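Notes for the one structure printed next.
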Amino acid sequence: MAISGVAESAGAAQGTVYTAFGSKPAGVAASRTGIAVGPGAAAPKAVARAAAEVPADPQYAENARKTADEMGVMPAPAEVAETLAAALR
């Protein structure tokens with residue numbers, strides 16, 4: 001589930017979710033779409049654990065599919081930029 005989905009499920013704004021979790025990687029972990037292994041925790045053993053855990057848990061794949069579906073209906077960045085530019089004219 002994307003951060004937007006987490007926020008919607010919680011009845012909160014996306015910013016609130018980021019504030020609650022402190023970072024996008026923490027939000028990724030909370031949404032169970034993957035495991036964020038940051039630079040400070042990127043030891044080979046941590047990466048190996050994460051790489052083994054994600055494919056072993058079908059919930060990650062389901063949440064990633066939901067995120068992909070949400071992203072698939074979003075406008076492309078170029079469309080957003082064009083819309084914003086038109087609104088500023």
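Computation of the quantities below employed the complete heavy-atom set of this structure, encompassing side-chain atoms and omitting hydrogens, waters and symmetry-equivalent molecules. Everything quoted here is computed from the prediction, not taken from an experiment.
- Between A56 and P58, the closest heavy-atom pair is O-CD, 3.5 Å.
- Judged as a side-chain hydrogen bond (donor to acceptor under 3.5 Å, both in side chains), and not counting sequence neighbours, the contacts of R65 are E62.
- Taking CE from M74 and CD from E79, the interatomic distance works out to 12.5 Å, rounded to the nearest 0.5 Å.
- With sequence neighbours excluded, no residue satisfies side-chain hydrogen bond (donor to acceptor under 3.5 Å, both in side chains) with E82.
- Grouped by direct or indirect side-chain proximity (heavy atoms under 4.5 Å, Ile/Leu/Val/Met/Phe/Trp/Tyr only), V80 sits with L84.
- With sequence neighbours left out, the salt bridge (charged side-chain N to carboxylate O under 4.0 Å, His left out) criterion links D69 to no other residue.
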